[in-house]
Amino acid sequence: MKSRSGRRDFLISSVQSLGVLGLGSGTITNFLSAIYTRTLNKASGADLALNPDGFRYIFISLNGAPPRWLFDFLATPNGPTADTYVPGGFGTAIKVAESAKKATDIQLVHETYAHTTKAGKVLHLPPVWGMSPTEAHFPSLLEHALFVRGMDMEINSHAISNARQVAPIIGGASLHGVIADQLGSPISAVICDGANSGTVFQSNRGLGSVIAPSAPNPIEELLKSFSSLPSSISFRRDETKAVVDQFLDRMDSYARERRISESTLRDSQESADLLIRMGVDTLSQQWDGLFNKYQTMIHNAMNPSKGDLPGFFDTKIPCITGDVRLGYQTDTTDGQAFELEDLRNFINPESHGKSDSLARQFALTEFLMTSGICSVVDLSVGQSVYSDAHITDSDTGSIGCDQHGIGSLPSTLTTTVYYRGLLTGMTEIVKVLKNKNLFSKTILHVSGEFNREPQKDGAASGHGVDGSCATLISGMFTDTHYIGNIVAAGNTKPGSQSPGTWGVSAPWEFEDGIQRPIRVNDIARSITAMTNSEDIVANGYSLVAPVGDGTWIPKKSGGTNV
Amino acid sequence: MFNLFRSSNSSSKRPPRSFLIFAVVFLSVLLPFQNCSGPAGLGTGKFKLHNGPGSLDESSIEIPVSPHTPITKMFKTTFTLSLSDRNYIAGILSDIFGPESEGPILEFILSKHAFLGGACNELDQYKIQDPKSVKTKLIVHSESLNCALEDRERALVPPPMAVRQGLINQVCATLVGKEGLPNTLAHALGRITSGANFDNPPPVNRASFAQLHRLFYRARPLPPESVFDSLKMFFKTPESPTTEEWKMAINSYCISSQWQIL
C-alpha cells in the first residue's frame, strides 16, 4: 500500500532523527504514538473507503459460453435489414402465431432494442436491454459501454479460452494481476470460484489472490483474519508499534540480504496490521443487507410473471411434440425435450440457485469495491443460466451455458432471463459506485471463452470460437460505442450447419494498416492502457485512446456486416 | 568437398586456391559464433542484479547483437514466493507453544485451507474433539470434509497475501498474549532458555535471542546484530526483563513473515 509505506517511512525516519537528538526511547514512542493515532482512521460501516482515487476492475466471466446474441453481440447495430441480417434458425425473440398447432407456427425472429446514444445515433441491441425491472435501469449502463464484436477467440477450449480473457499469454501475467500490482490494496484480488479466469491470476510482484469464501457470510470469513486483538495485550499498544516496525524492517533487510525475501511479504504484513487496527471485522455486519438486496432484485428479474415483458413473455408458447428446437440434453440426460403446456412454465419461483449465486457475488463485490479493501474481483457468473427449471410437468433441471443440446426456443427464453438477472446486478453495482464517486475509474469487463455457433435447425449450438465478443462498461466511457466487423452470412464453409448472423469475425483494420479479426490481446492492451498498468502482451493493439480528461473513446468506431 | 583438395598438379605442395577460399569463408562464418571475448567487439554477457525494493525481479544482460552494438535489455523475471502451508506453520507453532496451542492453531491455521494451503487429508476430519461433549467424541470438521471435494488446487501453495498474514497475526497474539493460555507462553519461554517460565523469563542476551531466532527460522543463519539490537529495544531494563517484554519479542518474531518462506 503506497500510502502506508509512505507513513511507515516517515515514522522510521522520525525515529532516526529523534535518536540523533538524544531523546529516550519512551519519548520517541510517545511522539510516534501521537502521530500514528492522529493519522489512523477508525473504520466504521459507512466511511471506510480505501483507494478512493484508484482503479477498480471487475471481470465478469461468462464461463460455459452462453449465446451472446441475446446479450452483448450486436448482430445488426444499425437496425435489422435484409442485407445486414441473415436468419440462421435462431433469433432474439419468439413469435407465436395465433392458435399455434405446429412447429412452423412458432418462429424465432430477430428483434432489437433501439437505444439512442448521446451522440444521437440509434443503436440496435439485443432485446434484454429494454427489459429493465423496476429496481434497475439497464440503459444507464449503456452510457458507459463499449461493445466489441467480431472477435476470434482462436482456441476451442473452455478452460484455456476462459483463462485467456484475462491472461492471453498462457502462464503469463494476468489483467487482474497487473492491475492489482499498481493498486496496493490490502487484499490484492478476490476470485469467485468456478471460472478458469480466476485460476490464472498472476501478478508481476508475486501478489496472491484470495478465493471468495463459501461461508454463509463471506465478508465475515474474509475479515476474520483482521479481528481486533485485545487491547490489554501490551505489545499491541500504539506506543510499541514503532519499535515492532523497526524490528520487522531489520528482519526484512536480513531476509533480503539472504535472498529469502521479497517486498510483497512486508506489504502483506503492513496491510494485515492496518486492517486489524482499523477494526474492519465489524464491517461483516453489512453482509445480510447487501445479500438480501441483490437476492431480491436478481430473483425478481430472473422470474418474470406471464404477461410481463411485453413482446417477449406475454404470449403462450406451446411445446409442440417433435419440435427439435425444444431439446433438453445435458451430460446426464439423453434425448429429452421440454414438454410443457407452455414453455414459459419453465420459470420456477422456488428456484434460487442461480439467482443466489449471482447475488452472493455482486454483494461481495459491492462491499469490496466500496470499502476499497480490494479493488480487483473476478466473478464467475456462468456454468448455468437457470437452475431447477421445469422441463416437464414432473421434471426439473438446470439449463447450462454450454448449450450443446439445448434447443433454440428454451435457449432464447431462459438465457434472456439469465442475462436480465446479470444486468440487474451489474446495474446496481454501477449505481452504487457512481453514488460514491468510485465509477470514474472502474471497468467492468464482461467476456466468456467464446460465443455459440447455432445449428440452422435450431436443435443445438456448438462453440462459436470464430465469432465472439467482449464488453467493457466503464466510467471512462461517456457514451455507447461498438466496434468490430462480422460476416453477415455466418459460417460459410461448405456443409456448414451454422449459417446466419451469429457473429463470425471479419477482419478489422488497425492503426498501422494490419487487417485481422479483433483478438483477446487487443482487449488486454486496451484495459492495461486504460488502467495505466503494465502490458501483459507484446502484440495486440489498444482499441481505445484517451481523450485527455480521464475519459476514453474507441480509436475507430462502428463496424460492418460484410 | 574432395574437389577442393584435389590439385591439378599432384606434385605441388601448395594448397589449391579453392581450398584457401573455402577456409577463409569457413572461418569467417564460424568465428563470430564462438563464445570468445576480445577487441573484436563481442561483449561478455554479464548478469547484474538490481538492488533495492523488489530486488531479484530484474536482471540485465548485454547481448552481442553485432560486433560493435551491444544492447542492454532489461528482462523482467517474475516469481512468486513459495510459502509454507498450514501444516508446516502448525508444526512450528505447536513445537514452540506446546500442546495447549492446539485450539488456536486449529482455529486460525489448520482450518484455513483456502488461505494457508496445504494438501487435504481426509483423516483430519476424525481428529477434532468436541469440547462441549461430556465424553470425548470426535466430530466431523467441515473444512476437512470439504477440502478434497472442492476445486482447491490453486491454494495448495498460496502466495503472500494480507489475509494469510492476518491469520498469522491472530494466532501469534493469541498464543503469546491471551490470558486464558498462560501455558503456551510459558512453553515458549522454556524453549528459549531451559527452565524459564512465566514467572522466571529468560535473560536478555545474545544466546536467548539466537535461540528465539532458531525456533522460528529453522535451518536459517543467524541474523546480523542489528536485528538483535532492535529486539533489545523491547526491554526497558535488559538486566531485569519482564514477561510482558518477552511477549513483545516473541510475538514480533512470530509475526515476521519470512520464517514461512520455503
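Residue numbers begin at 1 in each chain, while the letters A, B, ... track the order of the sequences.
Using a 4.5 Å cut-off between heavy atoms, B:Y253 contacts chain A through both its backbone and its side chain. Of the two parts of A:S227, the backbone and the side chain both hold a non-hydrogen atom closer than 4.5 Å to a non-hydrogen atom of chain B.
One distance of note links CG of B:D229 with CZ of A:F247; it measures 12.0 Å at 0.5 Å rounding. Rounding to the nearest 0.5 Å gives a distance of 11.5 Å between OG of A:S203 and CE of B:M161. Of the inter-residue distances, the one linking A:S268 atom OG with B:I168 atom CD1 reads 11.0 Å to the nearest 0.5 angstrom. Between the CD atom in A:Q246 and the OG atom in B:S252 there is a gap of 11.0 Å [rounded to 0.5 Å]. To the nearest 0.5 Å, atom CG of residue B:N169 and atom CD1 of residue A:I276 are 4.5 Å apart. Between atom CG of residue A:L248 and atom OG of residue B:S257 there is a gap of 7.5 Å, rounded to the nearest 0.5 Å.
A heavy-atom distance below 4.5 Å is found between the side chains of A:V244 and B:F234. Proximity of B:V163 to A:L223: side-chain heavy atoms (C-beta onward) are nowhere separated by under 4.5 Å. With a 4.5 Å cut-off on side-chain heavy atoms, B:I255 and A:Q269 count as touching. Residues A:P213 and B:F115 meet the side-chain proximity criterion, which asks for heavy atoms closer than 4.5 Å.
Here the closest heavy-atom approach between residue B:Q170 and residue A:S225 is recorded as NE2-O, 3.0 Å. Of all heavy-atom pairs spanning B:A162 and A:S271, the tightest one is CB-CB, 3.7 Å.
Using a 4.0 Å cut-off between charged nitrogen and carboxylate oxygen, A:E221 and B:K112 count as a salt-bridge pair.
Between the B:Q165 side chain and the A:L265 main chain, no donor and acceptor come within less than 3.5 Å of each other.
Under the rule for a side chain to side chain donor-acceptor pair (under 3.5 Å), the partners of B:Q260 that lie at least two apart in sequence or sit in another chain are B:R164.
Note: B:S226 leads B:A249, B:S256, B:S226, B:P224 in heavy-atom pairs under 4.5 Å with chain A.
The interface of residues 169-176 of chain A with chain B, defined by heavy-atom distances below 4.5 Å, is empty.
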- Item | Evaluation steps, side-chain contact (heavy atoms from CB on, under 4.5 Å), between B:Y217 and A:M251 | CA-CA 11 Å; B:Y217 288 81; A:M251 283 301 298; 3.1 Å; yes
